[in-house]
Structure formats: structure tokens, C-alpha cells
Amino acid sequence: PVQAIDFAQQILAALGAAHRRDVVHRDVKPQNVLVAEDGHLKVTDFGIARAGAQADMTEAGSVIGTAQYLSPEQARGDEVTAASDCYAVGIVLYEMLTGRRPFAGDNTLSILSSILRDTPPPVSKLVPASPPPLDRIIGRCLEKSPDGRYGDASTLRDELAALRVDMSSGSGRMA
């Protein structure tokens, strides 16, 4: 869990820089995160990213991104915001901790359906060593409504940083 949180914080630092410039990545996934020679993570492939007013420049109802990491609003072809990137980081964090994605299916349609309707089991149910407060953070990332999620990467990063401090002090297992 400590390494997964540290990795998520590095991903969020990069996304936070983009979000401060009103840029939404729209395709956060493990394949778009590289490990540099010094061990630091780099977020890549801003090829479908959009800035500010351009964020909705795709054709209405179109879906852009990788199915397994899409937010519900992306799956519906709705407006995408920084909260959509936070959703994808929640999926990546869930996958780092459990070794599986929270939403699955045999094809793209069934994956999108799962994203829109299912609630995955908390990480701590699958990985008992995971601190319960992390369930709350990931759960907030995976809220179906963007209004229920972290509004940007910096806010999520701050929350993970606070948990990391609690874990270092031994209180991170508290609910």
C-alpha cells in the first residue's frame, strides 16, 4: 500500500500540473505512466487531452479513452473534467493494490455497463494489509457522479499525503 500511494502521488503531481493549467488528460491508465531511470513516474500520452473550453470539443455522445479506465461521464459521452482524471487514478490505484481492475467485462460494452452500475468491493476486503482509510479515498475517486469525487488531482494528492503521514505514524489503520 505504501508504494501504491507513493506512485499515485507521483501520477497526481503530474496531473495536478495539468489541471492547474485547465488541461484534462482523459486517458489516465498504467500504460501511460512510465518509470524513469531515477525511479520517478512520468505521465505520458496527452494526445487526447483537452484544455478548458476545448474539453467538450468531441462530437456529442462520443467516447474517447480506454474503456477499463473511463469515468461514468466519459462512458456516456458527457463533459469530462479533472474529476474524470481523478476517477481514472482511483482505478489505477485499485489495480495497483489488488492486481485487478474494479470494473470488468468480456467486451467493451459490458465493461462500460459495469462502470455505470457496479460498486467494486473495497480494497481492504481483497487486500487485508490495505489501510481502511484508503477504501474511503478510493471510494470517493470511484463515485459515479463527478460532484462526489475529488475536483482535481491536487486535492486527491493532499488526501493521500495525509494518509501517508498517518501510516508512517502508525495511525493509518484507523477507520
Side-chain angles (χ1 to χ4, degrees), residues 1-97 101-103 108 111-112 115-116 123 133-134 136-167:
V2 169
Q3 187 174 33
I5 290 169
D6 290 347
F7 284 167
Q9 287 182 288
Q10 290 182 54
I11 293 166
L12 290 162
L15 291 174
H19 293 168
R20 283 189 297 279
R21 289 165 182 80
D22 205 20
V23 173
V24 179
H25 189 283
R26 302 194 316 170
D27 197 23
V28 177
K29 60 184 177 181
Q31 295 87 339
N32 288 341
V33 178
L34 302 177
V35 181
E37 286 185 24
D38 65 2
H40 287 90
L41 303 185
K42 307 289 182 186
V43 176
T44 65
D45 196 359
F46 279 78
I48 65 170
R50 290 292 179 260
Q54 294 181 334
D56 61 354
M57 285 189 63
T58 57
E59 185 176 328
S62 65
V63 176
I64 294 181
T66 304
Q68 294 87 346
Y69 301 91
L70 292 178
S71 65
E73 59 274 16
Q74 284 175 285
R76 289 187 301 267
D78 293 344
E79 180 184 2
V80 177
T81 66
S84 306
D85 283 349
C86 292
Y87 186 92
V89 171
I91 291 176
V92 171
L93 186 54
Y94 191 101
E95 188 174 4
M96 283 192 286
L97 291 161
R101 294 181 196 112
F103 306 103
T108 300
I111 292 166
L112 295 179
I115 287 169
L116 291 170
V123 169
L134 194 51
R136 181 187 53 76
I137 292 171
I138 293 172
R140 184 171 171 195
C141 288
L142 300 181
E143 281 288 326
K144 301 299 182 198
S145 169
D147 294 336
R149 285 185 229 133
Y150 297 94
D152 59 53
S154 296
T155 307
L156 174 52
R157 184 176 184 221
D158 290 347
E159 187 109 1
L160 286 171
L163 174 58
R164 186 72 174 77
V165 168
D166 288 347
M167 290 171 67

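Side chains of Pro133 and Asp166 form no contact here, defined as non-hydrogen atoms less than 4.5 Å apart. Using a 4.5 Å heavy-atom cutoff, the side chains of Leu134 and Leu93 are in contact. Contact check for Tyr69 versus Val92: side-chain heavy atoms found under the 4.5 Å cut-off. Counting heavy atoms from C-beta on, the side chains of Met167 and Ile5 come closer than 4.5 Å. Gln74 places a side-chain heavy atom less than 4.5 Å from the side chain of Ser71. With a 4.5 Å cut-off on side-chain heavy atoms, Glu73 and Ser84 count as touching. At a threshold of 4.5 Å between non-hydrogen side-chain atoms, the residues Tyr87 and Pro72 count as touching. In this structure, the side chains of Gln68 and Phe103 stay at 4.5 Å or more apart for every pair of heavy atoms.
Contact record, Gln10 with Gly39: OE1-O, 4.3 Å, taken as the closest heavy-atom pair. In terms of heavy-atom proximity, Leu97 sits nearest to Pro1 at CD2-CA, 3.6 Å. Heavy atoms only, all atoms of each residue included: Ala67 and Ile111 are closest at O-CG2, 3.8 Å. The shortest non-hydrogen separation linking Pro102 to Ile91 is CD-CG2, 3.7 Å.
For the pairing with Val89, the side-chain contact (heavy atoms from CB on, under 4.5 Å) check across Leu160, Ile138, Val43, Ile11 returns one residue only, Ile11.
In this structure, the separation between CD on Glu159 and OG on Ser154 is 13.0 Å, given to the nearest 0.5 Å. Remark: Lys29 NZ to Arg101 CZ distance equals 9.5 Å, nearest 0.5 Å. Atom CG of Leu12 is separated from atom SG of Cys86 by 6.5 Å, given to the nearest 0.5 angstrom. With rounding to the nearest 0.5 angstrom, the CD1 atom of Ile137 is 4.5 Å from the CG atom of Leu163.
When atom types are taken as modelled, the side chain of Arg149 and the backbone of Arg140 share no donor-acceptor pair closer than 3.5 angstrom. Between the side chain of Asn32 and the backbone N or O of Asp27 there is at least one donor-acceptor pair closer than 3.5 Å. Within the 3.5 Å criterion, the main-chain N or O of Asp152 finds no donor-acceptor partner in the side chain of His19. Of the possible donor and acceptor atoms, none in the side chain of Arg157 sits under 3.5 Å from a partner among the backbone N and O of Ala153. Using modelled atom types, one side-chain atom of Asp85 and one backbone atom of Arg26 make a donor-acceptor pair closer than 3.5 Å.
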(request) Carefully, step by step, assess Thr44 and Val33 under the rule side chain to side chain contact (heavy atoms under 4.5 Å, CB included). (result) CA-CA 6 Å; Thr44 65; Val33 178; over 6 Å; no
(message) I'd like to know whether Thr155 forms a side chain to side chain donor-acceptor pair (under 3.5 Å) with Asp158, so could you lay out the CA-CA distance, the side-chain angles of the two residues, the decisive distance to 0.1 Å, and finally the verdict.
(response) CA-CA 5 Å; Thr155 307; Asp158 290 347; 5.7 Å; no
(message) Could you walk me through whether Leu116 and Lys144 satisfy the side chain to side chain contact (heavy atoms under 4.5 Å, CB included) test, starting with their C-alpha distance in whole Å, then the side-chain angles of each, then the deciding distance to 0.1 Å, before giving a yes or no?
(response) CA-CA 7 Å; Leu116 291 170; Lys144 301 299 182 198; over 6 Å; no
